2 protein chains.
Amino acid sequence: MALEHAILVSLLERPGSGYELARRFDRSIGYFWTATHQQIYRVLKRMEADGWIDAQDVPQDGRPDKKVHSVAAPGRAALAAWMAEPVEPESVRHTLAVKIRGAAYGDPAALIAETERHRTAHADRLARYLAGERRDFPEGGEPTESEELQHVVLRGGIAYERMTLEWLDDVLATLRRLARARTASDRTQS
Amino acid sequence: MALEHAILVSLLERPGSGYELARRFDRSIGYFWTATHQQIYRVLKRMEADGWIDAQDVPQDGRPDKKVHSVAAPGRAALAAWMAEPVEPESVRHTLAVKIRGAAYGDPAALIAETERHRTAHADRLARYLAGERRDFPEGGEPTESEELQHVVLRGGIAYERMTLEWLDDVLATLRRLARARTASDRTQS
DNA sequence: CTTGCCTATGCAACGAGTTGCATACCAGGA
DNA sequence: TCCTGGTATGCAACTCGTTGCATAGGCAAG
């Protein structure tokens, strides 16, 4: 279970509340993991019960109190143990690809808009990643070890989004070609 | 839920038993979805109960009987309905990246072997994909519409594996650099 | 002063995927 | 004859992730 460990890493990088963690999952952690706040609070509760993390109530003014968590020794040990055991690459799951294969039994042209939507979403993600890279890893900086590791993970996200954009262009070209071919054969028949 | 629809697409491409579907998930369907045989049988049962697919007992000699499924009209309709509604891109989940970020709080050198394992696994997958491409989509062939769509999905898998291999090389270079830096500062301290 | 929005935490039900196990038929080799 | 391995189907328990909902305080705009 990697969510626990992603949270441990994030709390090691900087202690924080469930709410703050949820926002990190929209930024730097989002480069490699996603989770809703509900999931985060549930896991935090379990980790606190297991003694992996500590909790400290922090009153705030102008906003509700928060519970700031930090990693305890057993949590560090659990992370180290998990780091040592091998993990398998994620299994492939690509919903849009299911639709593309299914388009043969529907209308390829109907998938174009959907594919363009995905293209926009990935272009946005790439733009956010690149902005994050410029902000957090400027040229000529002297990165710490942790920052070097964060950067190489981000480079992975950037490479993924670039690759995906190129592929989606390939998909769009293919769908448009097939749509033209269908229109042509329609005209032939009528 | 895309597993049902992936199975519908596969059964449209060619009717088959649960066992045969499971093997397809190791080949062409594996380019975009994974599932165990347990999952497949469970979903087939539900789809049969819902009238999405038909089942026919086929006796075989030299091996156990099998239940061959094919898509019924309601199944085709369900697939068409699902194709028409938008889906979101998958959420990011990358276990190895969690470990990379965690390496700052452990030993970066200890991750090298694991990363190399992943590199080998992805290189193997790429080789299988390329072999599948040569076999199923030879140069100069005249692909049908369905084959064109299958091919563009496979090209996505190939692009993903190539990108991943390049990134893993980047990761390995980074880990080795950090490992050397740690060794050097160890020598300085001692 | 009400309405919307942000901060902050959480429960409950459900759905999808994983893991372990079970059954049964048949073939081929030790 | 027994053991291994491939074909073929399936149940049960569990974990993880998703979705909907609930509560509560504070701020700013209309």
Side-chain angles (χ1 to χ4, degrees), chain A residues 1-8 15-27 29-30 32-50 53 55-69 82 85 87-95 98, chain B residues 1-8 15-27 29-30 32-50 53 55-69 82 85 87-95 98:
Chain A
M1 228 264 299
L3 174 56
E4 303 176 331
H5 304 104
I7 289 175
L8 286 174
S17 68
Y19 190 81
E20 284 161 349
L21 281 168
R23 277 182 308 180
R24 291 183 207 172
F25 273 86
D26 289 332
R27 304 184 111 269
I29 309 185
F32 59 95
W33 209 267
T34 35
T36 60
H37 74 268
Q38 292 95 329
Q39 234 184 315
I40 293 166
Y41 284 119
R42 196 203 296 157
V43 170
L44 283 175
K45 190 176 182 176
R46 186 176 62 222
M47 288 199 292
E48 196 186 337
D50 293 347
I53 56 175
Q56 198 187 350
D57 279 310
V58 175
Q60 303 184 107
D61 49 307
R63 50 178 67 178
D65 301 353
K66 63 177 175 179
K67 242 170 98 177
V68 171
H69 298 275
W82 177 75
E85 67 191 29
V87 293
E88 294 309 307
E90 336 298 320
S91 39
V92 184
R93 238 154 233 147
H94 203 142
T95 312
V98 177
Chain B
M1 226 264 298
L3 174 57
E4 303 175 332
H5 305 104
I7 289 175
L8 285 174
S17 67
Y19 191 82
E20 283 160 351
L21 281 168
R23 276 183 309 181
R24 290 185 209 172
F25 273 86
D26 291 331
R27 305 184 111 270
I29 308 185
F32 60 97
W33 209 267
T34 34
T36 60
H37 73 268
Q38 292 95 329
Q39 237 183 313
I40 293 166
Y41 283 118
R42 195 204 295 156
V43 170
L44 283 175
K45 190 176 183 177
R46 186 176 62 222
M47 288 200 292
E48 196 185 337
D50 293 346
I53 56 174
Q56 199 187 350
D57 279 310
V58 175
Q60 303 184 107
D61 50 307
R63 52 177 67 177
D65 300 353
K66 64 178 175 179
K67 242 170 97 177
V68 171
H69 299 275
W82 177 75
E85 67 190 29
V87 293
E88 295 309 306
E90 337 298 319
S91 38
V92 184
R93 238 155 233 146
H94 203 143
T95 312
V98 178

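Bear in mind that the values here come from a model prediction, so they are computed numbers and not experimental data. Naming convention: chains lettered A, B, ... in sequence-line order (proteins, then strands); numbering from 1 in each chain.
In this model, the phosphate group of D:dT18 is approached by a side-chain N or O of A:Gln39 to a distance below 4.0 Å at OP1 or OP2. Between D:dA8 and B:Arg63, a contact under 4.0 Å exists linking OP1 or OP2 to a side-chain N or O. Not one side-chain nitrogen or oxygen of B:Lys45 sits closer than 4.0 Å to the OP1 or OP2 atom of D:dT9. Residue A:Thr36 places no side-chain N or O under 4.0 Å from the OP1 or OP2 atom of D:dG17. At the phosphate of C:dT9, OP1 or OP2 sits under 4.0 Å from a side-chain N or O atom of A:Ser17. Using a 4.0 Å cut-off, some side-chain N or O of A:Tyr41 falls inside it from OP1 or OP2 of C:dT9. Contact between the side-chain N/O atoms of B:Gln38 and the OP1/OP2 oxygens of C:dT19 is not found at any separation under 4.0 Å. Residue B:Tyr19 places no side-chain N or O under 4.0 Å from the OP1 or OP2 atom of D:dT9. Between C:dC25 and B:Lys66, no contact under 4.0 Å exists linking OP1 or OP2 to a side-chain N or O.
Closest heavy-atom contact between A:Thr95 and B:Trp82: CG2-CZ2, 3.5 Å.
Across the interface with DNA chain D, nearest-nucleotide mapping of B:Gln60 and B:Arg93 shows B:Gln60 to be the residue nearer the 5′ end. Residue order along DNA chain D, read from the 5' end via each residue's closest nucleotide, puts A:Val43 first among A:His37 and A:Val43. Toward the 5' end of DNA chain C, the nearer of the two residues B:Gly62 and A:Glu20, judged by each one's closest nucleotide, is A:Glu20.
Residues A:Val87 and B:Val98 have side chains not in contact (no heavy-atom distance under 4.5 Å, counting atoms from C-beta outward). Residues B:Phe25 and B:Ile7 are in side-chain contact: their nearest non-hydrogen atoms beyond the backbone lie under 4.5 Å apart.
For the pair B:Glu48 CD and D:dT9 P, the interatomic distance rounds to 11 Å; values are reported in whole Å. At whole-Å resolution of the value, CD in A:Glu88 and C1' in C:dT18 are 14 Å apart. In this structure, CZ of B:Arg24 is placed 12 Å from P of D:dA8, rounded to the nearest angstrom. If you take CD of A:Glu4 and P of D:dG17, they are 10 Å apart, rounded to a whole angstrom. The interatomic distance linking B:Arg23 (CZ) with D:dA8 (P) rounds to 6 Å, in whole Å. Here the C1' atom of nucleotide D:dT7 and the CG atom of B:Leu21 are 15 Å apart, to the nearest Å. The CG-C1' distance, from B:Asp61 to D:dA8, rounds to 15 Å in whole Å. One interatomic measurement links the two molecules: CG of A:Asp65 to P of D:dT23, which rounds to 20 Å at whole-angstrom precision.
Within 6.0 Å of CZ on B:Arg46 lie more than 12 heavy atoms contributed by other residues, nucleotides or ligands. Atom CD of A:Glu90 has more than 12 heavy atoms from other residues, nucleotides or ligands within 6.0 Å. Within 6.0 Å of the CD atom in A:Gln60, the count of heavy atoms belonging to other residues, nucleotides or ligands exceeds 12.
In terms of polar N and O atoms assigned as donor or acceptor, the side chain of B:Arg42 comes within less than 3.5 Å of the base of C:dT18 in a complementary pairing.
Listed nucleotides C:dT9, D:dC16, D:dG6 differ in distance to A:Met1; the shortest reach to its side chain belongs to D:dC16.
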